[in-house]
Amino acid sequence: MNVDLFNTPPEPWTEPLSPGALVLRQYATAHTDHLLAGIHAIVAQAPFRHMQTPGGYTMSVAMTNCGTAGWITDRKGYRYSTTDPLSGQAWPAMPADFRRLAQAAALTAGFPAFQPDACLINRYPVGAKMALHQDRDERDLTAPIVSVSLGVPATFLWGGLQRSDKAAKVPLLHGDVVVWGGAARLAFHGIAPLKAAQHPLLGEERINLTFRQAL
DNA sequence: TAGTGACC
DNA sequence: AAGT
């Protein structure tokens, strides 16, 4: 009997999504306590808020940012801003270990030059969703996207380069990391309405960290 | 920032 | 419109 089976944390494993896109299962699991502590400190400086879309609707996902730049949306459009519109101050700094985790994940996925300067923090209450969209507000589209899932499971919608392409449904669990770039950089993606569930660390919510090289 | 396509 |  191998006692180690019960004491060794799970090794991360990798699942290809499409050319240029990879799911790194459990990649962040060993660091989630630390990530959550960092998020709590960031949120104390830059609280979650429900932003408006250019169409005038309020997003169901609550957002904040850390890093040199933060992604924002309002009636005027989508963009990156070096300041938090709520405070007029710079976004909280990106913790060094957040950045290292994102860079290590990018390296594993074949993007050794990733220099993230933006970390969008999305909080999904039960029922929150994100419609299919492309991440296209970044300056250098050769840099990948790194997405870290925390809390209750979600269904990631992974589409193609055309909005009309059928999206695959990919379950994303606490600690999973998705990296996409290259041929997949402009793939449409989203999140299905969050189903009610309980997570030991996060209760009824999901938090997603999206690392980007924005500037 | 709109123009689409899906659609009940 | 990262919306319904």
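Keep in mind the model is a prediction, meaning the values are calculated, not measured. Naming convention: chains lettered A, B, ... in sequence-line order (proteins, then strands); numbering from 1 in each chain.
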| query | Between residues 65-85 of chain A and DNA chain B, which residues have a heavy-atom gap below 4.0 Å? | reply |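 Under 4.0 Å from DNA chain B: A/Arg75, A/Lys76, A/Gly77.
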| field | Sub-4.0 Å heavy-atom contacts from residues 114-123 of chain A onto DNA chain B, ordered by number | value |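 Hits under 4.0 Å, by residue number: none.
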| request: Identify whether any heavy atom of A/Lys166 sits under 4.0 Å from a base atom; if not, whether one sits that close to sugar-phosphate; answer base, sugar-phosphate or nothing. | output: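 Answer is nothing: A/Lys166 stays at 4.0 Å or more from every strand.
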| Which is true for A/Met130 with a 4.0 Å heavy-atom rule: it touches a base, it touches only sugar-phosphate, or it touches nothing? |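 Here A/Met130 touches the bases of the nucleic acid.
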Report the distance from atom [atom1] of [X] to atom [atom2] of [N], rounded to the nearest whole Å.
X	N	atom1	atom2	answer
A/Leu157	B/dA6	CG	P	18 Å
A/Asp165	B/dA6	CG	C1'	14 Å
A/Met63	C/dA2	CE	P	11 Å
A/Phe188	C/dA2	CZ	P	8 Å
A/Tyr57	C/dG3	OH	C1'	6 Å
A/Leu132	B/dT4	CG	P	20 Å
A/Asp137	C/dA2	CG	P	9 Å
A/Arg163	B/dT4	CZ	P	13 Å

| request: Please say whether the positively charged group of A/Arg206, taken as NZ for Lys or CZ for Arg, lies over the ring of A/Tyr124, i.e. under 6.0 angstrom from the six-membered ring centre and within 45 degrees of the axis. | output: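 Yes, a cation-pi geometry holds between A/Arg206 and A/Tyr124.
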| query | Considering only C/dA2, C/dT4, C/dG3, which nucleotide approaches the side chain of A/Lys129 most closely? | reply |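 Nearest listed nucleotide: C/dT4.
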| request: Show your working on side-chain hydrogen bond (donor to acceptor under 3.5 Å, both in side chains) between A/Arg139 and A/Gln213 and close with a plain yes or no. | output: CA-CA 8 Å; A/Arg139 236 193 204 334; A/Gln213 193 172 309; over 6 Å; no
| task | Test A/Ile191 against A/Thr155 for side chain to side chain contact (heavy atoms under 4.5 Å, CB included), laying out the working first. | result | CA-CA 6 Å; A/Ile191 291 286; A/Thr155 301; over 6 Å; no
| query | Would you say A/Asp176's side chain and A/Arg25's backbone share a donor-acceptor pair under 3.5 angstrom? | reply |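 Looks like no, no N/O pair under 3.5 Å.
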| Backbone N or O of A/Val148 within a donor-acceptor pair of the A/Asn208 side chain at under 3.5 Å? |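 Answer holds: yes.
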| Is there a path of hydrophobic side-chain contacts, each under 4.5 Å between heavy atoms of I, L, V, M, F, W or Y residues, that connects A/Leu22 with A/Phe111? |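 A/Leu22 clusters together with A/Phe111.
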| If we only count heavy atoms from C-beta on, is the A/Val178 to A/Leu24 side-chain gap below 4.5 Å? |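 Result no, sub-4.5 Å side-chain heavy-atom pair not found.
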